[in-house]
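Contents: one structure, followed by commentary.
Residue numbers start from 1 in every chain, and the chains themselves are labelled A, B, ... in the order their sequence lines are given, proteins ahead of strands.
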Number of protein chains: 2
Amino acid sequence: MGLTIYDIAKEAGVSASTVSRVINSRPGIKKSTREKVEKILKESNFSVSEAARGLVNQTSRMIGILVSDIRNQHHIEGAYMIEQHFMKLGYCSLILNAGDTDESKADYIRILSSRRVNAVILIGSAFQNSAVEEAIKDYIPNTPVIFQNGVFSLPNVSSVLSDDVAGTYEAAAYLYNNGHRHIAYVNGNDTPSNRKKVQGYEKAAEEFGFEPLIKVSEDSAEGSAAVTETLVNEYPEIDAIIYAVDLLGVGASRKLLDLGKRIPQDIAIIGTDNSPFSMLSNPRLSTIDTKLQDLSSACSEILEKAIENPTYREHLVITPSLVLRETT
Amino acid sequence: MGLTIYDIAKEAGVSASTVSRVINSRPGIKKSTREKVEKILKESNFSVSEAARGLVNQTSRMIGILVSDIRNQHHIEGAYMIEQHFMKLGYCSLILNAGDTDESKADYIRILSSRRVNAVILIGSAFQNSAVEEAIKDYIPNTPVIFQNGVFSLPNVSSVLSDDVAGTYEAAAYLYNNGHRHIAYVNGNDTPSNRKKVQGYEKAAEEFGFEPLIKVSEDSAEGSAAVTETLVNEYPEIDAIIYAVDLLGVGASRKLLDLGKRIPQDIAIIGTDNSPFSMLSNPRLSTIDTKLQDLSSACSEILEKAIENPTYREHLVITPSLVLRETT
DNA sequence: GAATTTTTTGCAATCGATTTCAAAATTTTT
DNA sequence: AAAAATTTTGAAATCGATTGCAAAAAATTC
């Protein structure tokens with residue numbers, strides 16, 4: 001345990017420099033010594049200390065992935081793609097699940113700074129706040145950062161986000177154009193992203209001239225079921241509801257069927273995100289596809305360029321599209 | 001950028017040792033110097049290099065979490081609990097998504113060894129193979145390891161697993177005792193865990209005297225739908241099916257309804273794992289609850305003890321229980 | 001105010017690698 | 001076989017922290 005290159009060197013009767021050169025397959029080592037050292041390396045199950053190596057090389061070969069909620073299928077999907085992509089390039093991923101408050105999220109930036117990660121990815125619009133922005137400016141001003149689903153006006157931060165306003169607007173427009181006149185909106189947690197979705201809904205309401213009606217649900221199927229029940233009891237004229245998240249839509253559709261409503265004849269439903277389970281639900285949920293897959297792969301690519309060329313920046317906006325299934 | 005304690009020391013007119021003592025709140029520093037140093041530390045946004053620190057202290061303050069498929073809701077739930085638990089204790093989590101082959105999984109053990117993680121968690125029975133076992137023995141023989149859903153007979157490996165044989169057995173027994181006589185089983189990927197589930201099914205078949213009928217599906221709702229369709233067409237007498245994974249059960253129930261079968265009157269269905277969406281599906285899926293939540297929290301606790309006391313080991317088996325919902 | 005005790009501080013070694021530069025070993029050329 | 005050119009190798013400095021030990025400074029005692 002805890003073998004160092006000096007131990008290997010002694011064993012092989014060479015110097016530590018030579019061992020290091022063998023490990024890193026540097027040129028200029030006699031074939032016979034190289035083989036001798038390699039043999040001992042294998043036999044003794046030696047593994048280099050990345051900490052020591054990182055210290056000299058001034059790099060950690062780690063990527064910091066900050067996720068606002070790792071249990072969220074979309075977030076983890078994004079983290080997965082990045083982890084896979086960079087593992088191939090020899091990087092490890094520090095995946096951290098950010099805390100609740102803005103300040104605690106900023107703390108995580110400091111942690112990543114201490115770990116000297118080569119790049120940082122923020123996944124989730126919840127990072128859109130000044131504490132995090134300050135922390136980036138102060139602690140990792142030269143580390144390439146990419147913000148999935150948010151924007152910072154900092155020189156080292158790229159961004160990739162879906163146009164939430166447009167997505168919801170389009171959904172509302174579709175419903176209106178298909179004869180719905182009482183279109184309600186059920187929001188989830190108060191996040192920057194969800195606020196933009198509401199904007200899109202309000203914009204459609206104003207443009208098409210229907211009365212906006214917005215309720216807020218906690219982020220669970222049960223919460224949504226409850227909110228939806230109240231909603232349709234209070235406003236029986238409602239003939240369509242848009243949900244800020246697919247999970248809410250699924251919880252609601254279930255409840256509406258229980259209440260004897262027919263979907264989509266009595267009430268049409270549209271969720272958001274095209275989550276894996278939206279297709280599994282019964283009836284299959286129509287949804288606003290925010291193209292998270294595309295977002296994530298764009299992230300990987302941008303980040304790779306940014307690591308190679310520290311001045312590379314990019315700001316990408318992806319327009320969502322409607323996926324019509326059985327609830328519309 | 002890249003400030004060191006020497007920079008801070010110079011700025012404060014003290015030695016690096018003093019700065020280090022302030023950073024680590026060591027005793028024996030005059031209040032006035034401490035305050036002076038702290039002020040400069042703040043102002044200059046200094047952050048210690050964990051790599052350098054780890055080198056002297058012989059610790060990385062990192063936990064390695066190896067997951068066989070991070071996109072699997074159960075796996076990520078387990079990783080999440082551990083990440084949260086250890087972040088509070090000042091550890092960062094290296095979450096790695098293991099490769100496909102046994103050998104590539106073993107490679108990840110070597111990577112974690114290089115990173116000198118303080119503990120390793122394996123999540124998923126896919127790690128149950130000799131390549132991984134060898135790698136642990138060779139590369140991290142003194143690092144506490146905990147295997148969620150598998151067992152190794154190594155002195156440094158604890159384990160926490162659900163009794164897969166018992167779970168499936170119980171499900172089959174329940175069905176049999178409720179009048180079903182043609183109980184089929186649909187398996188998923190070939191993993192040690194799934195093999196044990198099959199054993200439980202076969203055991204029940206033998207004990208209760210019904211004819212075992214096993215099909216294999218790929219791990220997707222569509223795959224399961226296809227397999228299920230063939231199955232019921234070929235064997236119309238089937239009146240119950242157990243699925244190795246909830247996802248398969250959900251995909252199947254959907255297809256069965258499309259085929260005009262009534263659930264559970266014509267065919268009863270039981271999934272496995274009590275996944276979040278099993279409750280959301282329509283009809284709500286009955287399932288074998290493998291108590292993954294309990295498993296994960298047990299992991300955190302055991303691991304914490306093992307880090308404090310490197311000889312601590314524990315082997316925990318949790319018995320699954322049936323959750324009966326609308327498909328039985 | 002000198003001597004003693006106690007508090008603070010800094011020097012230098014250390015952790016485990018990498019890398020430059022010069023020395024040693026080998027090969028090639030005369 | 002000596003000189004020159006080339007290939008291999010190793011000694012020592014470095015990365016950025018921590019820490020034991022001794023020295024310096026301050027506080028206490030006489």
*Atom NZ in A:Lys196, atom CD in A:Gln128: separation rounded to 0.5 Å?*
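Going from NZ on A:Lys196 over to CD on A:Gln128, the span is 7.5 Å.
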Let me know the distance between [atom1] of [X] and [atom2] of [N], rounded to the nearest Å.
X: A:Arg116; N: D:dG16; atom1: CZ; atom2: P; value: 8 Å
X: B:Tyr6; N: C:dA12; atom1: OH; atom2: C1'; value: 9 Å
X: B:Glu35; N: C:dT8; atom1: CD; atom2: C1'; value: 15 Å
X: B:Arg26; N: D:dA17; atom1: CZ; atom2: P; value: 15 Å
X: B:Ile8; N: D:dT18; atom1: CD1; atom2: C1'; value: 16 Å
X: A:Leu55; N: D:dA13; atom1: CG; atom2: C1'; value: 13 Å
X: A:Lys10; N: D:dG10; atom1: NZ; atom2: P; value: 15 Å
X: B:Asn24; N: D:dT19; atom1: CG; atom2: P; value: 7 Å

Using a 4.5 Å cut-off on heavy atoms from C-beta on, say whether the side chain of [Y] contacts that of [X].
X: B:Arg115; Y: A:Arg61; result: yes
X: A:Val117; Y: A:Tyr91; result: no
X: B:Met62; Y: A:Leu94; result: yes

Under 4.0 Å, counting only non-hydrogen atoms across every strand here, what does [X] touch: a base, just sugar-phosphate, or nothing?
X: A:Val19; value: nothing
X: A:Ile5; value: base
X: A:Glu50; value: nothing
X: A:Ser20; value: base

*When you match A:Arg34 and B:Lys30 each to their closest nucleotide on DNA chain D, which lands nearer the 5' end?*
A:Arg34
Respond yes when some side-chain nitrogen or oxygen of [X] is under 4.0 Å from OP1 or OP2 of [N], and no when none is.
X: B:Ser15; N: C:dG10; result: yes
X: A:Thr33; N: D:dT9; result: yes
X: B:Gln58; N: D:dT18; result: no

_Quiz item: A:Arg21 side-chain donor-acceptor pair to C:dT20 base, under 3.5 Å_ = yes
*asked:* For D:dA11, does the base pair up with any side-chain atom of A:Ser17 as donor and acceptor (N or O, under 3.5 Å, distance only)?
replied: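 For A:Ser17, whose side chain was compared with the base of D:dA11, there is a donor-acceptor pair (under 3.5 Å).
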*Looking only at side-chain atoms of B:Val56, point me to the closest of C:dA17, C:dT14, C:dT8.*
C:dT14
*Is C:dT30 paired to anything, Watson-Crick or G-U wobble with both distances less than 3.5 Å, and if yes, which nucleotide?*
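Matched C:dT30 with D:dA1 under the 3.5 Å cut-off.
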*Could you give me the CA-CA distance, side-chain angles and deciding distance for B:Ile63 and B:His85, then say whether side chain to side chain contact (heavy atoms under 4.5 Å, CB included) is met?*
CA-CA 11 Å; B:Ile63 305 287; B:His85 188 109; over 6 Å; no
